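These numbers come from a predicted model, not from an experiment. Chain letters run A, B, ... following the sequence lines, proteins first and then strands; every chain starts at 1.
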Amino acid sequence: MTQIAEVIVDVPTMQTNTPYSYEIPSALVDQLQPGMRVVVPFGNGSRKVQGFVWQVKPDAKPDPDVILKAIDTVMDPAPIVNAELMQLSDWLAHTTYAFTITCLQTMLPNALKAKYQKWARPTEQLANDIRQQLFGNQPELLWDDSLPTDTVKQLLALNRQHLITVRYEVRNQSKVKKVMMIKPAMNVAELTAARSSLRKTAVKQATLLDYLIAHRDTISQPDLEHQLKLSSSSLKTGEVNGWLTRKAVEVYRDPFQTAVVKTKPLKLNPDQDKAVSAICSATDHEQSETFLLEGVTGSGKTEVYLQAMANALSQGKQALMLVPEISLTPQIVGRVRGRFGKQVAVLHSGLSSGERFDEWRRIQRGEAQVVVGARSAVFAPLTHLGVIIVDEEHEGSYKQEDNPRYHARDVALWRGRYHHCPVVLGSATPSLESRARAEKNVYTRLLLPNRVNHQALPQVTIVDMTEELRHHKESNFSSGLLQALQTRLARGEQSLLMLNRRGYSSFVMCRDCGFVLQCPNCDISLTLHMDTKTMKCHYCGHEEPIPHVCPNCHGRHIRYYGTGTQKVEQELTELLPTARVIRMDVDTTRRKGAHERLLKRFGDHQADILLGTQMIAKGLDFPDVTLVGVLNADTALGLPDFRASERTFQLLTQVSGRAGRASKPGQVFIQTYNPDHYAIQLAKTQNYEQFFGREMQLRHRGNYPPYYFAVKLTASDVEERKAAEAMVKIVRQLKTVLSPQAIILGPTPGAIARVNKRYYYQLVIKYKRESQLDSALFKILGQAQKQSRGGLQIAIDRNPMSFM
DNA sequence: AGCACGCCGACT
DNA sequence: GTCGGCGTGCTC
């Protein structure tokens, strides 16, 4: 009786999105478990493919019609995906219309993703001259797309004639870092003897022996080399002579370079105390309750998180804390590490693939009890969760923009249910979805209405820029804001200036004919980058030199338009020549660690003004910042998106909270062309409740989320006609299954109709209850797969963050 | 995805 | 006549 394993193979297509049965070779019976990675032969050529064991069937009756192939090798001694995450991947695949294999790979660190290589080997029958020509003296030839097409053709022909064989290799790219540990292997007397028999010239060896005589402990080779200024060859000599032993030991790459100061729990105010006890009670009673923790900036949410997490740890459980990537700053991580020390693992995009893998392994082995991380950390393999925190739960970056298009908040809620533990959603400006659920008592609402130390909210001034324009020359700075900046400068206080990212691009336009330089691949104008002196496309990365002559009319009156951070910086230095400015944008923060360095410089008072995009609004806490200026509050408002007001309100509220955190009162200037817009007016008074009520009414009237569910479909193709036709067909198909209550928007061309030479068309379905929608969408995906050879791509986004 | 099978044009 | 172009279908 053969044992059968069901395997999810690493072939991400609709047709192969199902477990395949394999025979378990007798050597692996008893060893193979679900969640292990295996190498299996797949397809006609039996090429080797990585797979995940989905299920083991010990007493299967083999179907006589199907001849099963056998599992090749096992890649893991123990499952790397536990039962919970297997279940989660299945749920994810169904709710996001993604392949199970894609979900499994998303949950694991990238280092565990298989690398495939193909090798050609000559047979005995292969003529010697051809062998020499192709292989030289090598036994094998790496067969990949770096080979010239002629060689590929030749290999293909030889393979057909069975004159060569093809070997498929599945490579595990996860590398465990090892360090040599050095230990004296002789006693002091023997070492001293060796020392005295050395020649005078053997200085290095003498140093080494002196060290070994004085120190009997184990030390790592790099440390020793550094300390004694030795090279590895001296140590090898030492090993050969039997003075010492060297042993490779597994180590973790340490992503924390800095030590942290241990902190103690702070005293809670009554509101915080109430919140902490509610969460702790849920942890203690193993209830999967969801809390919405609402508190303005500075109200002490983080302390609530920390104490709720501490409680989970005291119960022998673990804690997971999600933070938006952009606010996963050393400040935040430091606070968590300050409380929990070595038990903390951190997962974020700044880590190298090796560091990430090591942090993940620490978690998997149960060596970390607290995990802090961005979106994908929600898959951290913690097995005894006692509490899950989602900080800034309204943040759009929790939603992944490619497959699987999951929302980390939804995954957190799923895991909370699985572990019977509370999930805390924290925000000063909750998403309407979450706030609405709290209204219906699906979530428990916890309020922190006061700032700790009873700091006053900053004084907010809204500046009408249309009015400004009438009185002054065109400038990014209103007179009020400029004056306020000067005051701070005189007082030695710091200021934050935020430039709304969308619409800030500076483009080049010809004054004679109005020509705007466009990207040849995308329907978007190119952005001017002064640092590299080039025009760049922000969507596909296309780059070209700045034109001096108009490509259209050959006129010489080419001018720069728009407002970029660089231009603002320039104007700022002209207006305030003494001010020291730090600019933070994609250009200055691209390099690893640059973000942190710039923030540190600002924190150390090496600059007076921090100028940047959205990234300066989140998670920063500089006590000497007493002025915040928003240069263009409403670029997002103009966008045809149902979340535009929500985003604007959240951003303004958040950035305003950055002013005046210590004893000094804060001041905020919001420059806008829509001074009467409710999102801006209500951000001025930080009145979330009123904003919520107002916005809910609008959503209700417009049949938008959270009153309706939404699914967004996008079709793209290099041929515009094909994308459009596919969409029309899809609409026709959907109309046959949808109820009359469902609302179809579109199809319309994408907001940027062409990106990277592909044309985009999209469609949004708003609905309340559509029993047949899911199956219809899966069917559409299946059909699209057949056409994908022609280049057509269909993407389905459930609960999209925007309709654009 | 990747590989094999199968049917039509320009070559030894 | 065949070699090889890439259209179609399948992978336990």
Side-chain angles (χ1 to χ4, degrees), chain A residues 1-25 28-29 32 34 36-74 93 98-106 113-121 130 142-171 402-404 717-719 722 781-795:
Chain A
M1 56 149 209
T2 43
Q3 285 203 7
I4 289 177
E6 302 273 276
V7 176
I8 300 282
V9 292
D10 181 13
V11 183
T13 67
M14 201 72 221
Q15 297 96 312
T16 52
N17 189 28
T18 176
Y20 282 75
S21 305
Y22 283 88
E23 190 192 312
I24 305 176
L28 299 179
V29 169
L32 208 66
M36 286 178 173
R37 290 174 307 158
V38 289
V39 176
V40 292
F42 195 72
N44 248 324
S46 275
R47 64 183 228 270
K48 300 293 187 283
V49 161
Q50 189 189 60
F52 288 84
V53 179
W54 192 246
Q55 223 185 338
V56 174
K57 294 178 166 171
D59 49 354
K61 40 180 195 301
D63 186 341
D65 300 335
V66 192
I67 303 142
L68 294 187
K69 290 181 180 176
I71 286 175
D72 212 72
T73 48
V74 191
F99 308 129
T100 311
I101 187 69
T102 316
C103 295
L104 283 165
Q105 278 166 350
T106 305
K113 216 168 143 188
K115 276 263 164 79
Y116 297 102
Q117 277 186 346
K118 201 161 79 172
W119 297 86
R121 252 175 192 285
I130 300 176
L142 180 62
W143 183 346
D144 62 12
D145 17 279
S146 71
L147 291 180
T149 40
D150 294 351
T151 315
V152 172
K153 275 182 198 163
Q154 200 180 355
L155 286 172
L156 241 26
L158 291 171
N159 191 27
R160 263 194 303 277
Q161 299 162 53
H162 304 290
L163 291 173
I164 58 167
T165 56
V166 180
R167 185 174 68 85
Y168 297 90
E169 193 178 62
V170 180
R171 284 225 326 249
D402 42 52
N403 287 330
D717 198 291
V718 278
E719 280 179 64
K722 282 193 182 167
L781 271 184
Q783 290 162 355
Q785 185 84 42
K786 292 192 184 96
Q787 299 168 61
S788 67
R789 283 249 172 66
L792 181 76
Q793 282 171 20
I794 303 283

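The distance between atom OH of A:Tyr22 and atom P of C:dT11, rounded to the nearest whole Å, is 11 Å. Nucleotide C:dT11 holds its C1' atom 15 Å from the CD1 atom of A:Ile101, rounded to whole Å. Computed from coordinates, the A:Ile8 CD1 to C:dT11 P distance equals 16 Å when rounded to whole Å. What separates CG of A:Leu158 from P of C:dG4 is a distance of 11 Å, to the nearest Å. Rounded to whole Å, atom C1' of C:dC12 lies 13 Å from atom CD1 of A:Ile24.
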Exercise. What is the per-nucleotide protein-contact pattern of nucleotides 1-10 of chain B, from the 5' end, where B denotes a base atom under 4.0 Å from a protein heavy atom, S denotes such proximity for sugar-phosphate atoms only, and - denotes neither?
Worked result: BBBS------
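Side chain of A:Tyr116 to main chain of A:Gln50: a donor-acceptor pair is present (N/O by atom type, distance under 3.5 Å, no hydrogens or angles).
Contact of the A:Gln154 side chain with the A:Ile164 side chain is not registered, since no non-hydrogen atoms from C-beta on lie closer than 4.5 Å.
Each of A:Asp72, A:Asp10, A:Val9 was evaluated against A:Phe42; a single residue qualifies, A:Val9, per the side-chain contact (heavy atoms from CB on, under 4.5 Å) test.
Qualifying side-chain contact (heavy atoms from CB on, under 4.5 Å) partners for A:Gln117, counting only residues two or more places apart in sequence or in other chains: A:Trp119, A:Leu142, A:Glu169, A:Arg171. Scanning for salt bridge (charged side-chain N to carboxylate O under 4.0 Å, His left out) contacts around A:Arg121 gives A:Glu140, with sequence neighbours left out.
Applying the 4.0 Å criterion to OP1 and OP2 of C:dT11, one finds that A:Lys69 has every side-chain N and O outside that range.
For A:Trp54 against A:Pro34, the heavy-atom pair with the smallest separation is O-CB, 3.8 Å.
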